[in-house]
Amino acid sequence: MTRLLLVGGGHSHVQVLLGLAARRAADLQVTVVSRDILTPYSGMLPGVVAGHYEPADALIDLAPLCEAAGAELLQAEVDRLDPAAGTAGTGDGRSWGYDLVSINCGSAPGLGPIPSATEIGVAVKPISGFLSRWEHLLAHLRERRGDTFRLVVVGAGAGGVEMALALNYRLREREACRGLQVSLIDAAESILPGHDPGLARRLDAILARQGVDFRGGTRIAEALSDGLIMDTGDIIAADEVLWVTDAGAQPWPGEAGLAVDRRGFIRVDAGLRSLSHPNVFATGDIVSFAPEALPKAGVYAVRQGPLLADNLLRAAAGRPLRDYRPQRHYLVLISTGNRYAVAARGRWTAEGAWAWRWKDWIDRRFIRRFRRH
Ligand SMILES: Cc1cc2nc3c(=O)[nH]c(=O)nc-3n(C[C@H](O)[C@H](O)[C@H](O)COP(=O)(O)OP(=O)(O)OC[C@H]3O[C@@H](n4cnc5c(N)ncnc54)[C@H](O)[C@@H]3O)c2cc1C
C-alpha cells in the first residue's frame, strides 16, 4: 500500500480526485486534508460579487469527489511538514503519514510588508473567508446606500481589476449606492502588469467609463481604519479596503526544508516533483516551476491537474514521470461587472457581451464536471 496524502483541495487536486475515481488504484490509500471542504472556484468570484451567481455556484464540494475516489477527507489547515518522518500536520497536534504527498494549497495574500494590513479591510484570499465577509459588507453598504462611501481595491492585476469593476457594478447599478466611489490602486504605473498593453488599454477605458478611478505608482506604507498612508506621506481616505495584492506563499513548505524560491514557493521540476524531495509533488499557485517562470493563474493549476494525477500513479508504481509543458499563450477573459468581458490571447484582444457569455460557458462547464458525483 502506498499512502498518498493530498494537501489542499485546489484546482489540480479536484481533477486528481476525478482521475482516481476513474482509475481506482487498489494499492493506493488516499487521504485529502483541506482547509475548505467547499473549495472555491475563483474564476466565478467576480460574478458572485456582481450578483450573476449565487456563492454556492462557485463552490466545489470535495466530499462526493473523495467518496467516488475512495479517499478519506479531513478538514484541517496544514501548517507543518516533516519530510524525514513523512508526516504533515497541524498546530493542534494532528498529523498524517505519507509515502507520497502532493501540495495544492494555493497562495496567501502578500500583505507582509504593509503594517496593520491584516487587521484592516478584507482580503480576497482565502476566497472562503472573503465570501463570508462579503455578505456582511454588502449588508453594511445597503444600510449606507445614501451616504458617501469610498471603497479602495488594492492590486490592479487581473483579479483586482475584475473585483473593482464587479463591486462598482453591483453596488451602483444593482444596490443603488449612489454615493459610492471605487478606486483601484497599485504600486505599478499601469494596470495588468505582465499582460499585453492592448488588454490594459481596453480595461483602462472601461474603468474610466464606469467611473472607477485608477491610481498607479501608489505604494502603501501603512493601513489605518479610515485610510491608507502612501510612502510619499499622502493619505487615501477609505471606508473599506479590499486587498487583491500579489500572491504570497504559506511559510510551512520552506520551513520544512523543501527547496523554495526566494518568495517561499515550492520549486518543482517538469514532472511537478519537488527539486529537493522526490516524494513531494506540488501544483498551482504554491509552485515555482523551475523550467520557466509561470504567472499565478488558475489556468495553470487546472491544466496541471490531469498530468499530476497521472504522475502520482506513476510515482506510486515507480514508473518514469511525464513532463508538464505549459502553453505559451492562454486565453484571458476579464469580466467587467456588467455581463461584458475583455478577451485576450497573445497580442489579440477583443471585447463584448459575447466574451462574457464565453467566459460564463467555460466557467459553468468547468464546475459541472465536479457535480456529477
Ligand atoms: C478575484 C480573482 C479572480 C481570479 N480569476 C481568475 C481567472 O478568471 N482565471 C485564472 O486563471 N485565474 C484567476 N485567478 C487566480 C486564481 O485564483 C489562482 O491562480 C488559483 O485559485 C490557484 O489555484 P490553486 O489550485 O493553486 O489554489 P486554490 O484555488 O487557492 O485552492 C487552494 C485549496 O487549498 C486549501 N488550502 C489552503 N491552504 C491550506 C492548508 N494550509 N492546508 C490544507 N488546505 C489548504 C483551500 O481550502 C483550497 O481548497 C483569480 C484570482 C482572484 C483573486
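All ligand and atom numbering here is 1-based and tracks the order in the structure.
- For ligand 1, the atoms sitting less than 4.0 Å from at least one non-hydrogen atom of V33 are 43 (C), 44 (N), numbered in the order shown with element in parentheses.
- Of the listed options R35, Q304, Q15, K125, R35 places a heavy atom closest to atom 46 (C) of ligand 1.
- Side-chain polar atoms of D213 and S183 form a donor-acceptor pair below 3.5 angstrom.
- Nearest to atom 48 (C) of ligand 1 among the protein's heavy atoms is T39 OG1, 3.5 Å.
- With salt bridges taken as basic N to acidic carboxylate O contacts below 4.0 Å, one links R23 and D310.
- Residue-to-ligand polar distances place G9 within reach of ligand 1: an N/O pair is separated by less than 3.5 Å.
- With ligand atoms numbered from 1 in the order given, ligand 1 contributes 19 (O) to contacts under 4.0 Å with heavy atoms of K296.
- For atom 13 (C) of ligand 1, the closest heavy atom belonging to the protein is S42 OG, 3.9 Å.
- Nearest heavy-atom pair across R170 and V48 is NH1-O, 3.6 Å.
- Heavy-atom distances between Y300 and ligand 1 stay at or above 4.0 Å for every pair.
- Near E162, meaning under 4.0 Å from one of its heavy atoms, ligand 1 places the atoms 3 (C), 5 (N).
- Scanning the protein for heavy atoms near atom 7 (C) of ligand 1, the closest one is G43 CA, 4.1 Å.
- For ligand 1, the atoms lying closer than 4.0 Å to a non-hydrogen atom of G284 are 26 (O).
- Side chain to side chain, Y53 and D360 meet the donor-acceptor criterion of an N or O pair below 3.5 Å.
- Closest to atom 31 (O) of ligand 1 among all protein heavy atoms lies G10 CA, 3.3 Å.
- In summary, of the residues considered (L167, V152, L151, I191), a side-chain contact (heavy atoms from CB on, under 4.5 Å) with L184 occurs for I191 alone.
- Contact annotation for A76 and ligand 1: only backbone heavy atoms (N, CA, C, O) come within less than 4.0 Å of the ligand.
- Applying the ring-ring contact (aromatic ring centres under 6.0 Å, His included) definition to pairs two or more places apart or across chains, none involves residues 240-285.
- Atom 37 (C) of ligand 1 has C105 O, 3.1 Å as its closest protein atom, hydrogens excluded (heavy atom only).
- With rounding to the nearest 0.5 angstrom, the OG atom of S102 is 9.0 Å from the CG atom of L5.
- Scanning R80, K359, H13 for the heavy atom closest to atom 8 (O) of ligand 1 points to K359.
- Of all protein heavy atoms, the one closest to atom 9 (N) of ligand 1 is G298 N, 4.6 Å.
- The shortest N/O to N/O separation between G159 and ligand 1 does not fall below 3.5 Å.
- Electrostatic pairing of D285 and K296 does not count as a salt bridge here, judged by no charged N lying under 4.0 Å from a carboxylate O.
- Looking only at heavy atoms of the protein, atom 24 (P) of ligand 1 is closest to N104 ND2, 3.6 Å.
- Contact annotation for Y41 and ligand 1: no heavy atom of the residue comes within less than 4.0 Å of the ligand.
- For the residues M163, H11, Q250, the heavy atom positioned nearest atom 41 (N) of ligand 1 is part of Q250.
- Using a cut-off of 4.0 Å between Lys/Arg side-chain N and Asp/Glu carboxylate O, E255 and R80 are scored as not salt-bridged.
- If you take CZ on R273 and CG on L308, they are separated by 11.5 Å, rounding to the nearest 0.5 Å.
- Shown here are the ring pair (Phe, Tyr, Trp, His ring centres under 6.0 Å) partners of F366, two or more places apart in sequence or in another chain: Y41, F370.
- Nearest residue to atom 18 (C) of ligand 1 from V332, I362, D285, V78 is D285 (criterion: closest heavy atom).
- Against a heavy-atom cut-off of under 4.0 Å, W252 is close to the following atoms of ligand 1: 41 (N).
- For atom 53 (C) of ligand 1, the closest heavy atom belonging to the protein is V124 CG1, 3.7 Å.
- Listed by number with element, the atoms of ligand 1 under 4.0 Å from a non-hydrogen atom of E77 are 40 (C), 41 (N), 42 (N).
- Side chains of T90 and D79: no donor on one and acceptor on the other come within 3.5 Å.
- Between R267 and D261 no salt bridge is recorded (no basic side-chain N to carboxylate O distance below 4.0 Å).
- In summary, the aromatic rings of H52 and W356 are positioned with their centroids under 6.0 Å apart.
- Listed by number with element, the atoms of ligand 1 under 4.0 angstrom from any heavy atom of D36 are 46 (C), 47 (O).
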